[in-house]
Structures are given as C-alpha cells and as structure tokens.
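Step one of this worksheet: look at the structure below.
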Number of protein chains: 2
Amino acid sequence: MEIYTIRDVARKAGVAVSTVSRVLNGRPDVSEETRKKVMDVVEKCGFVQNRNARFLKHAKEPFAAIIVRGRRNMFLNDVAEQMIECAQGLKTPFLVKYIDEEADEFEAMRQLYADRRAGGFILLGSRVDERCEMVRALGVPCVFATVDASGSGLENASSVCIDDRAATRAMMDRLLDKGHTRVAVLGGCREGDDIFAHRYQGAMDSLRAHGIDYDPDEYVQTRFSLKGAYESIERIFEKRQDITAVLTMSDSMAIGVVRALRDRGLRVPQDVSVTGFDGTEMAGYYVPSIATVSQPTAEIARESVALLCEMLEGGEPRHVTVDFTMMEGESIAEAIR
Amino acid sequence: MEIYTIRDVARKAGVAVSTVSRVLNGRPDVSEETRKKVMDVVEKCGFVQNRNARFLKHAKEPFAAIIVRGRRNMFLNDVAEQMIECAQGLKTPFLVKYIDEEADEFEAMRQLYADRRAGGFILLGSRVDERCEMVRALGVPCVFATVDASGSGLENASSVCIDDRAATRAMMDRLLDKGHTRVAVLGGCREGDDIFAHRYQGAMDSLRAHGIDYDPDEYVQTRFSLKGAYESIERIFEKRQDITAVLTMSDSMAIGVVRALRDRGLRVPQDVSVTGFDGTEMAGYYVPSIATVSQPTAEIARESVALLCEMLEGGEPRHVTVDFTMMEGESIAEAIR
DNA sequence: AGGCATTCTGTAAACGTTTCCAATATCCGA
DNA sequence: TCGGATATTGGAAACGTTTACAGAATGCCT
C-alpha cells in the first residue's frame, strides 16, 4: 500500500498543505468547496495521517493515561475498560497503556510524558509505596484506583477504593459466625502489596474480635494466582489438616483453592468453606459459586476519571471510599467439624 | 518533571546533538570519555527520548505487529504473550497492538503502517473472510494465527492452526461413543466466524458418521461467552429437555453451560456431559474439570513468528497445521438416560 | 616537519505535521 | 469607487530526532 503525505494530498488537490491540515482537523475556516476537494483526494488515495509527526508537533494537547499492569488480572482490566467508557467525550482524551507485569512502570510513564506530555495518570492496583517516589518525581496529577493512597502524603495524588480492611473483616466475620475457627488466609501480607496488607489487617481484626488465638505461620500463605493458591493449599495441609475454611484475597485464588481441596477429596462447602474477593464474573459462574466481595467497578471507574479531571482543572486531591457489597455464594456453609 | 531535549543534553554536556544521538543509539564511533560525559548528563536530568521524533525520522526500521482484538479471550491473549516471548531478540522487533472488539481493525493496521511502515502483521482469531480484503489492500506479509487461511487465495498470507474440524469431530466422537445421542452444540456457525464454522463441520461429520439424525434447529445455538452460553442452554431447554450432552466451542462457553445446567438442577457429568475447547488454564481448575481440546499455544506462537519472519525475508506463504491434544476431564460421562 | 590514516565531533538537512502570519479574494456600506 | 471588514488560502517556521557529510584533532610514519 502506498503511503501518502499531506504534501501529496495537497499537490493532488491543488491546494496548500496548510489547507489540507485544516480540513483534516476540522477547522472551520475552510470553504465547503475546498473541503470537499481535499476529502475526495484523501478518500481516493487512502491517506492516513502520521501520528508521530502530529504528536511531535503539538505534544501540548493535554491527555491522560490509564496504566494497567498485566493482562491476567481480569478485575483490573474490567475497571480499566470501564474507565475509557466513562472518559468518552471528555475534553481531555484518555488512553490505556497496558504494560507487562515485570515492566518498568516509571519508564513507561516517563515515556508517555516525554512523547506527549501526559497531563495525568490513573494507576490501577496496589503497591502505592513503590509508586510514591515515581508519582512525586513526575509531579503530574495521579489517581490510584482500587487502593487507598491517603496515607502517602503525596500532594498530587487522589485515590478511590473500597474499605478493603472492613470488607475482609466482614467476610471473616461471616466465616467465624458460622462456627469456623481454623481459617486459612491466602494472599495475606504479600510483600509490597498494600491492598493485600489492608485485607490481611481486616482478617486479623475479625479474628481478634472473636477472641481467636491465631498463629499466622500455620494458616497464612502469600502466593497468589490460580496456581499459587492451589500450591498454597498443599503447603497449608502439610501443617494442618483440620482447616474448615479458607479466606482468599481474590476470586482466582478462591478457585485455585476449591480445585485443590477437591483434589484432596474435600467437598466445598460441606467440608471446607471458601471465600473470594473482587466479585468477578467467574465467581458467579463457578460451581460452587464463590462467596465474594463485589467491588463497584463502574463506580470506581467513574470516580477515578472524575478525580483526575478535578485535579487537571486545579482541584485538590481527594481520597474517596466507595461501598462494597457482600455477595452470597455456594462456597460457604456452617462449620461441622 | 522537566522535559529535556537532546539539544539540552548536548548543551549541558558541551557536545553536539549528533554526538548525543550517537551515544543514545549506542553507535561505536564515540570516545569513551565523551560517552560518559553525555550519559552523566542524561542520568542527572532524567532525559527521555521522544519517540515521535525518533519514529518520524526513520520510519523505515522494519518491525512487525501482532494484533489482538479484545481482552476477554484469554486463549488469544496467551498466544499473543507467547509470541512476544518468541520474538525476543529477533532482528525485527515485534509489538502487540490490543484493539477493542468493536474497533476498526483496518484503521488500526493502516495507522501502524502510516506511522511506522509496519512490515508485517500477525492476526489472531477468526474472521479470515472479513479480513481478506484488508490484507490484500495492505499488501504486507500477514500471518493468520489459530485459523486456516489456506483457502483465502491471498498471496501474502500464511496461517497456522490446528485442524479444528478434526478436533471437534474427535470430541463429538467421544460423546457419541459414550452413548450420547441428543447432543446440543454451542457456538456452531456463528456468523462470519470461520473457526466456529470449521468446528461445526467437524461435529456434523461425527454425527453423520454415527448415523444420527440431527435437526440443527433444535440443538444448535450460536451465541458465545459465559453469559451467552448460559442463555443458550435456557433456550435449548425450551425446545428439548432430553439433552444428555453439550459440545461447546470454547472453555468459557463450557463453564457457562455447566453453571446453567446446575441451576436447572442437573448434575455434570452424571446427568449431562459437557465439553469445552482451547485447553485454557481455567478448564483444568473448574469443578468439574472440563474435557477440552488443548491447542499448543507455544507452538502456534512460535510457528506464527517463524512464518512471518520467513515471509519478511522473501519466502513464500505457507499454511501450517499443528497437533492438538484431547484433554480428559470430569465433565464427561457415559450416557445413562 | 610534512603527509596521511584514524578517530572523533559538529553542521545542517531531512522526517510529516501544525500553526502563525501574511496575502489574496470577496463582500458590504458609504 | 473606495475603505475596510471578513472569509479563505498559502508560505514558512517550528516540533525533536537521525544521519550524511565535512571538519578538526590526534597519532604515526617517513
């Protein structure tokens, strides 16, 4: 396929390049006749603008970037998707930047900034601490989504999240109220993951309030993902065989756990209860359906975009907490053992 | 954060811009002393190259793009991920372009071509027919991954896939050999989806070979996704309640089906058998685990990259078929009704 | 000391846009 | 008929790189 430049189009249409540019950008000061003439040529030869040249020229045009690390976390991907929907038609265009789990996030953001002066970022997922320095260095408005950044002390960061601690406490309460006392916790305190840390606190809050003596060494595992959860159960059972419930910090982990239990000949929920977190679609489709904490993805998405826009217009950063919903599921039952 | 240009760096380091450029691009013709001086400044002020300017300049540098539509299809996302792994360290850099399900793919490819002269594409997923015209118009080497494009007549397209028809036939054979005769088919002949069309043919091959009289109107549904499959079961059961097996064309569909059956009080596999397709991680973690056809993602990824490279170096297009593996699963049992 | 390689560095012209500014054409009222 | 306002259009200078090409410095050999 031939590549035409704006110059070629100008020549073919018998006008100046500046005129073609004006037509392409929908400027009002072009006569209808000229516009038509130019568009005809554009159509005919399938001209496509070169965005490198375009962005090189006016990198000033403000825009915002949504950073998503990893394609595995369906929950975060869903939130990101809803963010772009929310951002449709706003004055500042939003774009999503997917980066690898292991990629250098700072590098990616600096590149976005260098290339196009990204005016603001929405960062999904945890690890506020790690990201603080970066956000401070960039000095651009940022919104942490799904994690509380109110304690970060950053001047340029808002955040929106549920009360993870309270949610996990509520979930643990549910298990304990059903008579469970030996509850494994999966995902707790994973290194550098502040969301999981908050959730872990919540679980501990509940155990403490119920006066349960708890030895983390015996009950807590910190791996994640389907496979990680599966293997965690194997490890837990090396130490204790009398577990009657497993509280996990994501729906995938819960699924890994159910499979692992089932492979050990245990039934869920008759023998062991299991809980998830996030309220993903799969939690409802799994058999048994997973009791979970549903995060209001649409609201988180909407709030994140709104908070960023506020800051872009000079507003102060704010930290918003949205409500979660406890979802019933077939994966929980009364403790019988 | 301040934005520095290569010019600023040159000034601060007391050298010419061309020297900085050479250092940045690792050219050999720079003295060690100068290189160090420049790098110090780069480090100190956190200079980041502007890629727009870079790519604007030498758009000639050949590269290849992997196009992935939609983030929902985990199977395709996995394959894409493995492709980039395969492509690490090759002379031609590969990049992945994620586009929305509904987005204009042609537009995206033309943009890639206009911006950087993409020298080749790998297209994942079905819809060869729709894409033919586009591939022809672009005239750039393309590889269709996971779908057979040998019948397209394109001069510039290779393809790599399993024999979908044979795989589905084998799967249906398994069901029929277990005594099932009333088998619903989900995903069959979805409009414009050639992969599903091939699989549908395979299912019909098997039914025919087993001499089973089959009325598609009663047994076949063409929606997909978790939710679509769930609803398809509801529709099927409006017509027939005596189904003993459901053959689906993806693992997600199988999961939606199991959930739907279970919600009707039917057990899988005791009352109804269910089969999936693709061999995704979730199929193995589901309870019951889903009997499925495992596609060799690594091999498909590797072959796709290899085929594209071949064509980039002037080779003829080829159409490669790779082997699938039938995966056992708890979701199948003998027909008893 | 002069000539010639051998390194290294600087100048300037691209790449394809956008946009400021000036130039031209058109129209209106006096 | 003219002055001036108003619509259009064109010319040319950026934007931040890369890369020929030419130039300067150094070292070595005669």
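Every chain is numbered from 1 and lettered A, B, ... according to where its sequence line falls, protein lines coming before strand lines.
Protein atom CZ of A/R54 is 20 Å distant from nucleotide atom P of D/dT17, rounded to whole Å. With rounding to whole Å, A/K36 atom NZ is found 17 Å from D/dT8 atom P. Atoms CZ (A/R35) and C1' (D/dA7) sit 13 Å apart, rounded to a whole Å. Here the C1' atom of nucleotide D/dT17 and the CZ atom of A/F55 are 17 Å apart, to the nearest Å. Rounded to an integer number of Å, the gap from A/I3 CD1 to C/dG16 P is 9 Å. Between A/I6 atom CD1 and C/dC15 atom C1' the separation is 14 Å, expressed in whole Å. The interatomic distance linking B/E33 (CD) with C/dC8 (C1') rounds to 11 Å, in whole Å. Atom CG in A/D8 sits about 13 Å away from atom C1' in C/dC15, given to the nearest Å.
Within the 4.0 angstrom heavy-atom criterion, only backbone atoms of the sugar-phosphate kind lie near B/T19; the bases stay farther away. A/N52 comes within 4.0 angstrom of nothing in the nucleic acid, heavy atoms only. B/D29 comes within contact range of at least one nucleobase, with a heavy-atom separation under 4.0 Å. When heavy atoms are screened at a 4.0 angstrom cut-off, B/T5 is found touching the sugar-phosphate backbone but no base atom. Among the protein residues, B/S31 comes within range of the sugar-phosphate backbone only, with heavy atoms under 4.0 Å from sugar or phosphate atoms but none that close to a base. Within 4.0 Å of B/R27, counting heavy atoms only, lie sugar-phosphate atoms of the nucleic acid but no base atom.
Two residues are said to be in side-chain contact when any heavy atoms from C-beta on lie closer than 4.5 Å; B/R117 and B/P62 fail this criterion. Counting heavy atoms from C-beta outward, A/I67 and A/L124 have side chains that stay 4.5 Å or more apart.
Residue A/A53 places its side chain closer to C/dT17 than to any other of C/dC20, D/dT17, C/dT17. For A/N25, whose side chain is taken as the heavy atoms from C-beta onward, the closest listed nucleotide among D/dG16, C/dT17, C/dT18 is C/dT18. When distances are taken from the side chain of A/R22 to each of C/dT17, D/dA20, C/dC20, the shortest belongs to C/dC20.
For the pair B/R7 and B/L56, both in contact range of DNA chain C, the more 5′-proximal nearest nucleotide belongs to B/R7. Residue-to-nucleotide proximity on DNA chain C shows that, of B/V30 and B/H58, the 5′-proximal contact is made by B/V30.
Figure legend: cation-pi geometry between A/R116 and A/Y113 absent, as NZ or CZ is not positioned both under 6.0 Å from the six-membered ring centre and within 45° of its axis.
Aromatic ring centroids of B/F94 and B/F63 lie 6.0 Å or more apart.
Contact annotation: side chain of B/S18 to base of C/dT11, donor-acceptor pair present below 3.5 Å.
For the residue pair B/L76 and B/G125, the shortest heavy atom distance occurs at CD1-CA, 3.9 Å.
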